[in-house]
There are 2 protein chains.
Amino acid sequence: MATTGGAGRPEKRKAITRAATAVFGREGYVRASMDAIAAEAGVSKRTVYNHFADKETLFLSVALRNSAELADGIRELMAKHLDKVVDLRRGLVDFAVERAHTVLAAGDHGALGRAIRAEVANIPADVLEAWLEAGPVATRRDLAAHFEALAGRGLLTEADPELAAEQFTLLTFQGIAERSFWGAVPMAGAEVERTAERGVDAFLRLHGAPAAG
Amino acid sequence: MATTGGAGRPEKRKAITRAATAVFGREGYVRASMDAIAAEAGVSKRTVYNHFADKETLFLSVALRNSAELADGIRELMAKHLDKVVDLRRGLVDFAVERAHTVLAAGDHGALGRAIRAEVANIPADVLEAWLEAGPVATRRDLAAHFEALAGRGLLTEADPELAAEQFTLLTFQGIAERSFWGAVPMAGAEVERTAERGVDAFLRLHGAPAAG
DNA sequence: CCTTCTCAAAACCGTCCGGTGTAGTTTTCT
DNA sequence: AGAAAACTACACCGGACGGTTTTGAGAAGG
């Protein structure tokens with residue numbers, strides 16, 4: 001990415017990216033100050049500018065990395081819950097619940113997603129494209145592949161796995177994301193589970209194999 | 001609301017709220033400047049502060065009004081497309097398409113919704129509650145009422161109209177909103193229609209009356 | 001012990017913003 | 001007509017921010 005070469009000590013760079021993720025996530029792009037990021041990283045502001053050309057570059061770099069990491073985490077959840085599933089409904093519900101908690105946990109990951117969505121009008125089109133590709137699009141594609149595999153095992157109908165992935169996300173996740181404003185407003189764990197269950201039930205009525213439905 | 005009494009000339013106040021809606025929608029809360037709002041309203045900055053105590057008060061006031069207006073607009077669309085519907089699928093699709101265009105049109109309405117979602121972490125809980133109640137919650141409730149009426153006419157199954165309204169919104173609207181980042185990134189009209197049609201089809205498989213499904 | 005070099009801490013600069021004060025002008029109401 | 005209320009224009013303040021320059025601490029080398 002458009003960083004300032006690979007200059008500087010790697011551990012300082014790591015600290016900066018970690019701090020930037022936290023501060024951008026907490027404050028949003030405009031409110032976050034480079035002073036705050038430097039302070040949270042335990043590093044001088046000059047060092048930040050030694051590693052990253054400017055504020056925007058730092059933000060976009062961190063956003064892209066975060067998006068990929070999040071997609072990786074969700075991919076692991078898919079493998080964990082859907083690869084050798086025996087109880088399909090149980091597996092889908094567990095996946096949906098853990099996914100929601102992963103993305104919306106105030107901790108590190110989800111908060112930055114909020115900042116990106118807030119700033120999307122000011123992000124260059126090609127960077128936004130890359131962010132989508134590394135994150136949401138990749139997740140949808142991975143989920144579609146899993147659904148296709150499940151269809152091959154006779155657990156789902158196999159027409160249009162992409163559509164199934166999209167509708168699964170809508171029914172089990174998007175409502176939670178919207179209601180909690182992508183993690184900004186906490187949401188009771190019980191409600192997450194209830195929403196996931198109702199969403200999975202609806203999903204299975206749409207795409208479940210008649211035998212297993 | 002927490003404005004400065006009813007002071008000031010009404011037409012000036014109107015111009016200020018209109019300008020504030022536009023500027024906040026275009027720039028977001030933090031980037032928007034009171035100077036820009038005053039300039040766009042064709043009013044001196046002092047007059048803005050004569051009508052509204054400070055920037056936050058102005059924003060929240062405008063946000064609340066916008067939320068209510070948007071809900072009203074959607075309510076009208078429901079009446080237009082769902083009240084005396086003969087072809088249910090056609091009515092639902094038309095409603096979904098027009099709703100998406102209404103909410104996501106870059107013009108006036110949807111843009112401010114983006115700003116609110118971006119700023120939600122900095123909005124007082126009670127004001128957020130009021131915003132939700134005037135906007136999304138009211139819309140969901142109205143939609144549920146329409147679905148209940150449609151169930152009474154034998155066009156939908158009548159179990160849990162609230163859930164039906166939630167899932168209709170998810171399947172026909174939320175995906176469009178997410179993909180277009182609530183209107184920040186334009187979306188082809190054809191894709192809106194395609195998404196609405198597929199969403200309605202799924203919705204009818206979940207909640208359509210067996211006879212009409 | 002003294003010089004030299006490197007890199008980060010801290011001070012600094014120009015700019016912009018939210019908000020206020022003031023003095024004078026226009027509108028509205030009686 | 002005249003007073004009261006509202007608006008305009010403009011300068012100003014304190015503070016924050018992005019980014020740059022200066023300063024100082026400490027290691028390396030003689």
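In what follows, every chain begins at residue 1, and chains take the letters A, B, ... in the order their sequences are listed.
For A:S44, the side chain to side chain donor-acceptor pair (under 3.5 Å) partners two or more places apart in sequence, or in a different chain, are A:T47.
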Item to check | Chi angles and distances behind the salt bridge (charged side-chain N to carboxylate O under 4.0 Å, His left out) call for B:R75, B:E69 | outcome: CA-CA 10 Å; B:R75 208 184 338 263; B:E69 282 179 2; over 6 Å; no

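Taking the six-membered ring for Trp and thresholds of 30 and 60 degrees, A:Y29 and A:F24 have nearly parallel ring planes, at less than 30 degrees apart. Between B:F147 and B:F168, the ring planes lie perpendicular to each other; the angle is over 60°, past the 30° to 60° tilted range.
Regarding B:K14, its NZ atom lies at a distance of 20 Å from the C1' atom of D:dC7, rounded to whole Å. In this structure, CZ of A:R31 is placed 15 Å from P of C:dC17, rounded to the nearest angstrom. D:dA16 atom C1' lies 13 Å from atom CD of A:E27, rounded to whole Å. With rounding to whole Å, A:R13 atom CZ is found 17 Å from C:dC7 atom C1'. Remark: C1' of C:dG18 and CZ of B:F59 are 16 Å apart, rounded to the nearest angstrom. D:dC7 atom C1' lies 10 Å from atom CD1 of B:I16, rounded to whole Å. B:D54 places its CG atom 17 Å from the P atom of C:dC17, with the value rounded to the nearest Å.
For the pair A:R89 and A:F203, the cation-pi criterion (under 6.0 Å, within 45° of the ring axis) is not fulfilled.
Counting heavy atoms from C-beta on, the side chains of B:L204 and B:L156 come closer than 4.5 Å.
At a non-hydrogen distance threshold of 4.0 Å, B:G42, B:V43, B:S44, B:R46, B:T47 from residues 32-47 of chain B come into contact with DNA chain D.
If you find the closest nucleotide of DNA chain D to B:P10 and to A:V30, the one lying nearer the 5' end belongs to B:P10.
For an aromatic pair to be called close, the ring centres must be under 6.0 Å apart, and B:F173 with B:W182 satisfies this.
Relative to the side chain of B:K55, the nucleotides D:dG19, D:dC7, C:dG19 differ in distance, and C:dG19 lies closest.
Dashed line: the shortest gap from a side-chain N or O of B:H51 to OP1 or OP2 of D:dC7 is under 4.0 Å. Under 4.0 angstrom from either OP1 or OP2 of C:dC7 there lies no side-chain N or O belonging to A:N50.
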